Structures are given as structure tokens and as C-alpha cells.
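Okay, structure first, notes after.
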Amino acid sequence: MDLLQGLNPAQRQAVEAVDGPVLVIAGPGSGKTRVIVQRIAYLVKTCGVRPYRIIAVTFTNRAARELRERVHRLLGQSVQDLTLGTFHAICARILRIEADDAGLDSSFTIYDAADQTSLLKRTLEDTGIDPKRFSPGALKHAISAAKARLLTPAEFATTRANYFDEVVLRAYERYEERLRQSNALDFDDLIMKVVRLLEGNDRVREKYQSRYVHVLIDEFQDTNLAQYRLARLLAGGSRNLCVVGDPDQSIYAWRQADVGNILNFEKDYPGAQVIKLEQNYRSTQTILEASSEVIAVNRERKAKELWTENQQGLPITVVDALNEQDEALLVVHEIDRLTKEAGRRFSDCAVMYRTNAQSRPLEEAFVRYGLPYHLVGATRFYERREVKDVLAYLRLINNPFDDVNLLRIVNVPSRGIGQRSLDELARWATGESVPIYTALQLLAQSDDPDEQSRSGPELTARALRSLTAFRELIDSLAEAAKQRTVAELVEHVLTQTGYRDHLLASDDRGEERLENVLELRTVAEGQALFDDENALGEFLESIALVSDADDAGERPDSATLITLHQAKGLEFPVVFIVGMEEGVLPHIRSFDDPAQMEEERRLCYVGMTRARERLYLVRAYRRAAMGTRTTNPPSRFLADVPKRLTVSPSRRGRDAVSTPSRPESGRTATRVGTLVLDQTPAPDLKPAPAPFQAGDRVRHEIFGDGIVVTCGVNGVDHEATVAFRGDVGVKRLLLAYAPLEKV
């Protein structure tokens with residue numbers, strides 16, 4: 001097998017440059033993944049490096065999965081010896097192995113964002129911080145930023161600059177105490193603790209530096225200080241550090257990513273080889289030239305000349321819409337036209353936007369006209385309530401000191417334990433500086449009720465019996481876990497806790513929710529960890545490390561709705577970028593900060609370069625934002641796209657968006673410049689059938705139960721007339737704003 005066959009000269013150079021530090025500047029669509037895969041195979045097949053001596057790190061599970069699959073095709077089973085994964089997954093494994101030296105219990109739980117928020121809420125109660133003045137979200141972000149800079153609470157204390165920092169410090173200190181009591185780590189801990197371990201323990205550092213002779217870091221422009229230090233430490237033995245990335249695609253400063261890590265690589269590693277991958281295999285010449293003009297304005301970058309042998313392609317369509325509803329209708333109309341007239345599939349199309357809030361009118365338009373779509377970043381499978389409940393049981397079985405998950409399911413299903421009893425138990429546990437599970441154990445040590453009442457929490461006899469029964473249940477499940485596979489344990493938990501019956505009796509969606517839980521059992525069956533004594537811990541870790549965009553682009557034939565940040569690493573034949581307005585893209589928060597403005601420009605560049613063949617840039621003349629309607633000028637990024645590369649909907653032709661040039665009878669239209677914006681759907685785009693029929697029983701979350709009197713089309717929406725019970729009476733509801741559930 002010729003591992004270099006088919007590579008262009010720059011790609012070949014990047015594969016063969018195996019000694020010393022190497023910086024690969026990889027433009028979008030330049031075959032970066034292929035270079036990484038071929039480089040790993042070249043090290044093994046040609047240079048004789050054992051896979052065991054290679055570590056390759058990336059940012060998402062999806063990227064790691066793709067790398068592993070492609071390397072497997074070249075190396076076969078040897079890929080099993082390769083260390084390949086995300087920063088967080090690799091660090092979690094190191095901490096499990098080196099738990100004693102890291103000062104951890106190897107059964108630690110990894111808290112996701114929701115768990116962190118729950119813990120921070122308890123932290124605010126402990127410290128007396130007003131959550132209305134200092135939200136858990138803001139404090140979580142500040143603590144995460146401190147950990148990304150490798151600052152412990154004591155070190156953060158020396159950097160305090162204002163009162164908010166004082167509040168953060170109080171929360172950070174107590175938050176860390178709570179994490180230790182719960183034997184838990186958050187995502188930032190995984191990297192921070194490995195860096196601290198390698199820096200402070202010569203034996204462990206030498207162990208990993210002697211093992212890993214070649215270190216490869218993908219998406220290096222997205223690394224923060226902690227990840228950068230980790231890369232230096234791992235490569236400290238051999239200096240064979242190869243980093244791959246593109247400063248023009250650094251878009252995660254809000255996650256503490258530092259574009260300076262890649263811009264300053266040559267200063268940090270004098271004599272490093274710098275290789276530029278400039279041939280683009282993805283986009284048309286038009287898209288490539290336009291995006292290059294947009295990004296060229298930035299100063300903080302490494303210049304490169306992207307080029308392609310692809311065809312010139314169609315002009316970029318630049319569209320003015322009246323408002324966000326018109327914007328959404330135009331997008332839906334054009335996607336419908338492309339699938340009917342241009343041979344496109346819905347899955348060929350992606351709609352990208354700056355903020356999650358922009359998805360609402362788009363979703364409404366897709367729903368109204370029955371076009372299939374999926375929303376990346378919506379409630380994920382593992383975030384559904386019933387799935388998180390069962391996972392909470394499993395996490396508690398694996399780590400009984402996990403307060404967050406214990407409090408989640410101590411009364412699910414109901415065990416007659418009131419909130420007052422739980423608050424009292426938690427208060428007493430805090431006073432004793434022990435986890436809640438330990439507090440339950442302490443309560444069980446005394447058989448004298450009078451002694452319990454004098455020294456323990458003030459609990460009723462009923463509450464004490466229920467809490468004792470819960471502890472015994474968890475103990476019995478932990479014993480059962482030793483003899484069962486994870487899949488069998490899921491089934492056992494459903495039965496022994498009564499959760500299966502609880503779901504089925506909860507509401508008319510009980511069977512659907514049970515199906516979700518049973519799907520969790522299917523996931524467990526596919527883990528193939530049955531012979532591993534730590535199967536449960538590995539299963540829970542694999543779930544904790546799932547990221548939002550891991551399944552992006554892996555859906556049936558449906559259009560993709562996705563933020564520009566989540567679209568990084570993806571590509572589509574047809575891309576719509578909506579919200580091309582000042583204050584939206586670029587975001588208003590960037591106006592007073594040149595560095596943030598450069599990142600906004602990079603974000604636009606990333607979106608544009610996701611497109612292979614067709615690109616639409618869409619702006620709204622007016623847009624609702626935070627309860628008010630604003631009028632924003634076109635995005636400055638539009639002005640950087642050469643006019644000769646664009647086409648406007650007002651220029652009729654087969655490649656123009658098929659918006660009617662003038663309103664037909666019975667329609668209303670508003671003229672903005674030379675563009676006529678039709679306020680009603682195009683003739684060939686029919687609204688979806690009415691979701692309800694007269695006589696259907698429905699439920700509204702505020703008005704309660706009722707019976708549908710009529711349901712029909714009202715403009716671009718469906719309107720239902722519903723007779724509700726009691727004093728509510730008859731209501732006329734637009735379904736996009738007042739969703740009904742069929743009973």
C-alpha cells in the first residue's frame with residue numbers, strides 16, 4: 001500500500017515531516033483529516049512506530065470516531081493500541097488509572113452542565129449568594145474560565161479585581177468542597193487535574209512522556225491554556241509535536257480558546273516546520289473567493305492563499321427579507337424549490353445562524369409547511385428526564401456519594417419524602433461536612449431513636465423510615481451490579497425501584513418515555529463491556545463525554561438547523577446563513593472589542609466555507625430581539641463579498657430565489673429596495689394538513705383540557721377554536737404560539 005498516493009505536495013510534506021515540532025496550517029476543505037490519518041499510518045507502516053507510542057487528540061467524539069474508523073481501514077486491529085480521543089476522554093482515562101497520585105477515588109462521577117448548575121444552586125444557598133443578582137450560569141462560566149487558566153481557588157484569589165470576583169471566589173471555594181464531597185469532577189477538572197498531576201509528579205510525567213513518542217493535536221486553534229500546557233507536557237520527552245489547525249477558524253474564545261496558541265507556535269518551538277494546506281477540495285471557486293475576501297480583513301491571522309480546481313459555480317445569493325418570519329419563509333420556500341426542481345435532497349441543505357433564538361421562526365416555518373428538518377442542539381437523548389433519572393440511579397450505584405444525583409431520584413418514584421425532610425437532611429449533612437449518603441449511614445448506626453433525635457436531623461419517623469429504605473435500596477442495587485452486565489442492571493433498576501410502573505402511570509406519554517429508557521438499555525448492550533469489572537463506570541463515562549454536535553449531520557433526509565459554532569467541521573452542498581445584520585452577525589457584544597469582532601468575522605468565514613456548491617446570505621430589515629423590534633443595517637461582512645460574485649432575488653433567472661416579483665390578487669406584499677417580499681407562501685408550497693379535527697380532545701398547559709371546535713389555515717399558521725372546561729370558555733389559538741397536545 002502506497003500511503004502517499006493521491007496526496008498533493010503539501011499534504012505529502014505534512015505526512016512525511018515526522019521529526020520535531022510541526023505546524024500544519026489547514027485551510028477549510030483542504031483534506032486535513034486525510035493528512036492526519038495518513039500521517040498516523042505512515043508512522044506505523046513506514047517509520048516502524050508502535051501504535052502504543054502515538055497519541056492523537058481532537059475536540060469532538062464525532063471527529064475522534066471518524067479518525068478511528070479511517071485509521072482502522074489502514075491499520076486494522078492495530079488501531080486498538082493507539083491512544084485516540086478527545087481531550088476530555090483521554091484525561092478521564094488517565095485520571096482513572098492514576099487516581100491515587102491525583103488524590104482521587106477512581107469511581108468519580110463526571111458532572112455535565114445540568115449537574116454543575118444543580119450543584120452551584122446548592123452552593124449559592126450555602127454561601128448566601130443571591131441567585132437573582134449572580135446567576136448560576138454566570139458563576140459557572142467564571143469558574144470554568146478560572147479552571148481553563150489552571151487557577152485553583154487560592155490562586156484565583158490573587159487575581160481578584162472587583163466585587164464580582166469576590167463573589168466568584170466564595171462560590172468557587174464552596175463549589176470545590178461540594179465536588180470533593182460528591183466524589184465528582186466537572187469537565188474542566190478533567191484537563192486541569194491531569195496538567196497538575198503531570199507538572200507535580202515526576203514519575204507520572206516521565207511515564208507518559210516515555211510512552212508517547214509522537215503527539216498529534218487536531219484543531220489546535222481551539223485550545224485553551226490548560227490544553228496547551230497538556231500538549232507541551234505530553235510532548236516534552238521527544239518534542240515530536242504535530243499540531244494541525246487554522247487561525248481563521250478559531251471561534252471559541254467564549255470557551256477560553258486562545259488563538260495565540262497557534263499564532264505563537266513558531267516562537268514557542270523555534271525551528272518548527274510550518275506547512276500550509278491551501279488547496280481546497282470542498283467549495284466552488286466563487287464560494288472560496290468570497291469567503292477569502294471576508295476573512296482577509298482580519299489582522300490576527302497567518303496569511304494563506306486558498307485555491308481550488310473545482311468549477312466556478314453559481315453566484316452567491318444575497319437576500320433582503322422584511323423580518324424574521326419572511327426570512328424563514330424564504331428559506332423554506334427555496335429549500336422546497338431546490339428539492340423539487342434542482343434534484344436536491346433535504347439533507348443537502350443546512351440553515352445556520354448566530355444565536356439559538358434565531359431557530360424559532362425557522363422551526364415554525366418548517367412545521368407549517370411540513371418540510372422535514374432536525375435541530376442540532378435540541379434536547380438530546382441523554383438529557384431527557386426519564387433517561388437522566390435512570391442514569392442518576394446508575395451513577396449513584398457507581399458512586400453513592402454523588403449528592404446531585406441522589407437528590408434527583410431520592411423521591412422518584414415518590415417515597416413520601418417531603419422537600420422539608422430533604423432540606424433538613426441536606427442541612428445536617430452540610431453541618432457534619434459529609435455527603436448525604438454518609439449522613440444516611442450515620443443515621444443507621446444508632447438504634448436509639450432518642451439519641452438520633454438529639455444528635456441527628458429533625459426528621460419525622462416516617463421520613464426516617466423512607467430515607468433508610470432508600471439507602472438500603474441503593475446498597476442492594478450496588479450489590480446486584482457486581483453480578484450483572486450494565487444492560488441487565490438497567491432492567492434490574494427499572495424493576496426494583498418501581499420506575500417502570502412510575503413511567504407508565506405518569507401520563508399518556510408513559511410508554512414513549514419507557515421506550516427511551518429501554519433505548520438506554522440497548523446502548524448499554526452495545527458497549528461490549530461485560531467482562532470488564534469497571535463496566536458500569538466506563539459506560540457512565542462514555543455517556544458523560546457525549547457532546548452536543550456529536551450526531552450533527554447523521555440524520556435521515558431532513559434539512560439541518562444549526563448554529564454557526566456547531567457547524568464547525570461539517571459541510572453541506574447548500575448552506576443558508578441567516579441574520580446577516582449588524583448586531584446579529586457580527587453580534588452586538590463585539591462592537592467595542594476588536595478581538596471579538598475578528599472572531600465574529602472568523603465565525604462568518606466558517607459558515608461560508610461549510611458550503612460546497614450553493615451559498616445564500618440572508619438578512620432581515622427588521623427583527624425582534626429581547627421583546628423589542630429593531631431595524632439593523634446589513635452586516636459589514638456582506639460589504640466584503642465582491643458584488644461580481646453575488647446575485648439578488650430581484651434579478652430574475654433560473655438561479656435566483658423564486659420569490660414572486662409582484663403580489664397576486666388577495667396577497668399583501670412589502671417592498672424593500674428592489675425586492676418584493678411575499679407575505680404568503682408560494683403557490684407550490686402548501687401548508688401541512690391541519691393537525692387537529694373537530695371533536696379532538698386537546699390539552700393546553702395553561703387553559704387545561706378542551707375540545708376542538710374548528711381547526712384551519714390562518715395566513716401562515718393554523719388556527720384552532722377550542723372549547724375549554726370550566727370558566728376558561730372558548731379560545732381561538734394560533735398553534736405556532738399556543739401549542740396544543742392531543743389527549
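Model, not experiment: these values are computed from the prediction. Values reported hereafter were calculated over all heavy atoms of this structure, with side chains retained and with hydrogens, waters and symmetry mates removed.
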Exercise for review: May I ask you to check whether T721 and K731 show a side-chain donor-acceptor distance below 3.5 Å?
Suggested key: no
Review point. Heavy-atom distance under 4.5 Å between the side chains of T563 and R354, does that happen here?
Key: no
**Study point:** SB check D222 K568 (cutoff 4.0 Å)
**Key:** yes
**Study point:** L263/E300 under side-chain contact (heavy atoms from CB on, under 4.5 Å): CA gap, chis, key distance, verdict
**Key:** CA-CA 8 Å; L263 292 174; E300 290 293 317; 3.5 Å; yes
Review point. Within a strict 4.5 Å, meaning less than it, do heavy atoms of the F220 and N261 side chains meet?
Key: yes
Check your understanding: Does the gap between the ring centers of W254 and H565 come in under 6.0 Å?
Key -> yes
Check your understanding: Do the non-hydrogen side-chain atoms of N632 and V584 ever get within less than 4.5 Å of each other?
Key -> yes
Point to revise | Pair E324-Q358, side-chain contact (heavy atoms from CB on, under 4.5 Å): steps then yes or no | key: CA-CA 8 Å; E324 65 270 27; Q358 291 172 257; over 6 Å; no
Review point. Taking all non-hydrogen atoms of both residues, which atom of D248 and which atom of V606 are closest, and how far apart?
Key: O-CG2, 4.5 Å
Practice item. With D246 as reference, evaluate K32, R602, K304 under the salt bridge (Lys or Arg N to Asp or Glu O under 4.0 Å) test and give the passing residue. Key: K304
Check your understanding: Are S30 and N280 linked by a side-chain donor-acceptor pair shorter than 3.5 Å?
Key -> no
**Study point:** Note: R360-E364 ion pair, threshold 4.0 Å (strictly below)
**Key:** yes
Exercise for review: Taking the side chain as every heavy atom from C-beta outward, state whether E582 and R636 have any pair of such atoms under 4.5 Å apart.
Suggested key: yes
Check your understanding: Quick one: do R623 and E327 make a salt bridge, cutoff under 4.0 Å?
Key -> yes
Revision key, fill the gap. Rounded to the nearest 0.5 angstrom, the OG1-CZ distance for T60 and F87 is 12.0 Å
Review point. Can you tell if the side chain of T286 reaches within under 4.5 Å of the side chain of I316, non-hydrogen atoms only?
Key: yes
Practice item. Kindly compute the distance separating CG (D348) from OG1 (T560), expressed to the nearest 0.5 Å. Key: 10.0 Å
Review point. Are R255 and Y252 in a cation-pi setup, meaning NZ or CZ lies under 6.0 angstrom from the ring centre and within 45 degrees of the ring axis?
Key: yes
Review point. What is the ring orientation for F724 with H700, classed by angle as parallel under 30°, tilted 30 to 60°, or perpendicular over 60°?
Key: perpendicular
**Study point:** Basic-acidic side-chain contact under 4.0 Å: E305, K276
**Key:** no
Point to revise | Heavy-atom side-chain contact between Y605 and P28 under 4.5 Å | key: yes
Point to revise | Lys/Arg N to Asp/Glu carboxylate O, R344 vs E613, below 4.0 Å | key: yes
Check your understanding: Considering all heavy atoms of both residues, which atom of C604 and which atom of I577 are nearest to each other, and what is their separation?
Key -> O-CD1, 4.4 Å
**Study point:** R282 and E571 ion-paired at < 4.0 Å
**Key:** yes
Point to revise | side-chain contact (heavy atoms from CB on, under 4.5 Å) between L617 and V319, intermediate numbers included | key: CA-CA 6 Å; L617 304 178; V319 186; over 6 Å; no
Check your understanding: Where is the tightest heavy-atom contact between L120 and P136, given as atom of each residue plus distance?
Key -> CD1-O, 3.6 Å
Check your understanding: For the atom pair CE (M352) and CG (L615), what is the distance rounded to the nearest 0.5 Å?
Key -> 9.0 Å
Review point. Below 4.0 angstrom, N of the basic side chain to O of the carboxylate: do R699 and E741 qualify?
Key: no
If you look only at distance, which donor and acceptor atoms sit under 3.5 Å apart when one is on a side chain in residues 292-299 and the other is two or more places apart or in another chain?
unit_1 : atom_1 : unit_2 : atom_2 : d
S292   : OG     : L288   : O      : 2.8
N298   : ND2    : E598   : O      : 3.1

Review point. Are the charged groups of R644 and E289 less than 4.0 angstrom apart, N to O?
Key: yes
Exercise for review: Look at K340 together with D336 and state whether they make a salt bridge at an N to O cut-off of under 4.0 Å.
Suggested key: yes
Point to revise | Interatomic spacing from CD1 in I562 to CZ in R610 - rounded to 0.5 Å | key: 10.0 Å
Review point. Mind checking whether M608 and F637 have side chains closer than 4.5 Å, heavy atoms only?
Key: no
Review point. Would you say the side chain of L545 lies within less than 4.5 Å of the side chain of F187, judging by non-hydrogen atoms?
Key: yes
Study note, to complete from the structure: Here the pair of heavy atoms bringing V332 nearest to Y369 is CG1-CD1, 4.2 Å
Point to revise | Pair Y353-S359, side-chain contact (heavy atoms from CB on, under 4.5 Å): steps then yes or no | key: CA-CA 8 Å; Y353 34 84; S359 71; 3.5 Å; yes
Check your understanding: Taking the six-membered ring of F692, is NZ or CZ of K742 closer than 6.0 Å to its centre and within 45° of its axis?
Key -> no
